[in-house]
A.B. asks: 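Following this message is one structure expressed as structure tokens.
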Amino acid sequence: WRRTVLDYIDSDALAAAATTTDVAILDHAVPFADGVMLFSAQRQLSLTNGDSGLSAHSLSIQPVTRYVMAPGVRPAPLGSQVHFITDSGGFSSVQEYTRLTGADPTEAADITAHVPGLIPSGASQIIPVPDLDALFVLTRSAADGERNRLYAYQFFWDGEKKVISAWRVWDFDDGEPVSGAYLSGA
């Protein structure tokens, strides 16, 4: 609790509110572009602290985009990108926020646009692998015939240009990936 209403003290808690036209219950927070991306089920917001450092007066939360996220799938930071899952038409899509010089980081690219029916609806986890410039998508919540697959995305950046990217499907036959994590240097 604040001890004085006249001044902010370093130990005071900071409070900020976002102004949106709809209800946005925040589910996830991911560091991105000198701030934090906040994710709700239907909206993404940007928390920034301005140029003067973190204070109650410089803290700002602004609505950024309106993607409907797949329920229960945590967004995954990977280098200067943040990936998250959206569902539509019975399939999942992977969206990518990228921080590029001079580009607007408030638009996400659909990195599954060239393979729209590849990942079935029901994605459950994104596993980022920074050492391999890759990410993996688990579909534990998908239909029975789709749970034994892992979807791998690999890419290569040359400076600020993504020069190559590819999706692969790993089929585990009778096995079923349940969860995953990548440990660097393990």
Side-chain angles (χ1 to χ4, degrees), residues 27-33 36-44 46 64-186:
D27 299 315
H28 308 287
V30 177
F32 178 70
V36 177
M37 286 296 293
L38 306 171
F39 291 86
S40 73
Q42 298 175 345
R43 184 170 287 277
Q44 295 74 45
S46 176
V64 181
T65 52
R66 296 181 67 113
Y67 294 100
V68 177
M69 292 184 51
V73 184
R74 179 177 296 279
L78 178 60
S80 62
Q81 300 99 33
V82 174
H83 297 90
F84 62 98
I85 304 284
T86 58
D87 282 335
S88 68
F91 296 98
S92 292
S93 297
V94 180
Q95 306 294 329
E96 177 184 72
Y97 279 117
T98 304
R99 182 180 179 189
L100 300 173
T101 305
D104 185 7
T106 60
E107 293 181 15
D110 181 356
I111 61 173
T112 51
H114 60 290
V115 286
L118 179 68
I119 304 173
S121 185
S124 57
Q125 185 180 4
I126 301 172
I127 306 164
V129 184
D131 295 350
L132 302 176
D133 288 334
L135 64 87
F136 299 97
V137 177
L138 291 177
T139 56
R140 203 174 92 222
S141 303
D144 286 338
E146 304 290 339
R147 291 186 194 154
N148 62 337
R149 294 190 178 132
L150 179 80
Y151 300 86
Y153 177 69
Q154 286 190 284
F155 53 90
F156 177 74
W157 287 87
D158 184 12
E160 293 192 354
K161 184 177 180 184
K162 188 185 290 183
V163 293
I164 192 166
S165 64
W167 281 96
R168 291 191 188 101
V169 179
W170 294 358
D171 195 327
F172 289 88
D173 292 326
D174 295 332
E176 184 176 313
V178 176
S179 183
Y182 176 74
L183 302 174
S184 181

A.B. asks: May I ask you to check whether W170 and F136 place their ring centres under 6.0 Å from each other?
C.D. replies: yes
A.B. asks: Between the main-chain N or O of V64 and the side-chain N or O of S46, is there a donor-acceptor pair closer than 3.5 Å?
C.D. replies: no
A.B. asks: Would you compute the distance between atom CG of L38 and atom CZ of R43 and round it to the nearest 0.5 angstrom?
C.D. replies: 12.0 Å
A.B. asks: With a 4.5 Å cut-off on side-chain heavy atoms, are V137 and L150 touching?
C.D. replies: no
A.B. asks: Under 6.0 Å between ring centres, would you say that holds for F155 and Y153?
C.D. replies: yes
A.B. asks: Using the test side chain to side chain donor-acceptor pair (under 3.5 Å), find all partners of T112 that sit at least two apart in sequence or belong to another chain.
C.D. replies: D110
A.B. asks: Do P71 and M69 have side-chain heavy atoms sitting under 4.5 Å apart?
C.D. replies: no
A.B. asks: What pairs with N148 under side chain to side chain donor-acceptor pair (under 3.5 Å), at least two apart in sequence or on another chain?
C.D. replies: D171
A.B. asks: What verdict does the side chain to side chain contact (heavy atoms under 4.5 Å, CB included) test give for T139 and I119, after you've listed the backbone C-alpha separation in whole Å, the side-chain angles of each residue and the deciding distance to 0.1 Å?
C.D. replies: CA-CA 8 Å; T139 56; I119 304 173; 4.0 Å; yes
A.B. asks: Quick one, M37 and Y97 - any side-chain contact, counting heavy atoms below 4.5 Å?
C.D. replies: yes
A.B. asks: Would you say V68 and T86 make side-chain contact, with heavy atoms under 4.5 Å?
C.D. replies: no
A.B. asks: Just by distance, do the side chain of W167 and the backbone of I111 share a donor-acceptor pair under 3.5 Å?
C.D. replies: yes
A.B. asks: With the side chain counted from C-beta on, respond yes when I85 and V94 share a heavy-atom pair under 4.5 Å apart, and no when they do not.
C.D. replies: yes
A.B. asks: I'd like to check Y151 versus L118 (side-chain heavy atoms, cut-off strictly below 4.5 Å). Are they in contact?
C.D. replies: yes
A.B. asks: Quick check: closest heavy atoms across P31 and V82, and the distance to 0.1 Å?
C.D. replies: O-CG2, 4.1 Å
A.B. asks: Do you know which two heavy atoms are closest between P120 and S92, and how far apart they sit?
C.D. replies: O-OG, 3.2 Å
A.B. asks: Can you name the residues that form a side chain to side chain donor-acceptor pair (under 3.5 Å) with Q154, not counting sequence neighbours?
C.D. replies: R168
A.B. asks: Determine whether the aromatic ring centres of Y67 and F84 lie less than 6.0 Å apart.
C.D. replies: yes
A.B. asks: Establish, from distance only, whether the side-chain atoms of S40 and D27 form a donor-acceptor pair under 3.5 Å.
C.D. replies: no
A.B. asks: Side-chain contact, heavy-atom cut-off 4.5 Å: S121 with F91?
C.D. replies: no
A.B. asks: Quiz question: by atom type and distance under 3.5 Å, do the side chains of T98 and Q81 form a donor-acceptor pair?
C.D. replies: no
A.B. asks: How long is the gap from CZ on R74 to CD on Q125, to the nearest 0.5 Å?
C.D. replies: 10.0 Å
A.B. asks: Mind listing the closest non-hydrogen atom pair of L78 and P128 along with its distance?
C.D. replies: CD1-CB, 3.9 Å
A.B. asks: Using side chain to side chain contact (heavy atoms under 4.5 Å, CB included), reason through V73 and I126 one step at a time and then give a plain yes or no.
C.D. replies: CA-CA 7 Å; V73 184; I126 301 172; 4.0 Å; yes
A.B. asks: Side chains of K162 and E96: closer than 4.5 Å at any heavy-atom pair?
C.D. replies: yes
A.B. asks: Specify the closest pair of heavy atoms between P75 and P77, including all atoms of both residues, with the distance to one decimal.
C.D. replies: O-CD, 3.9 Å
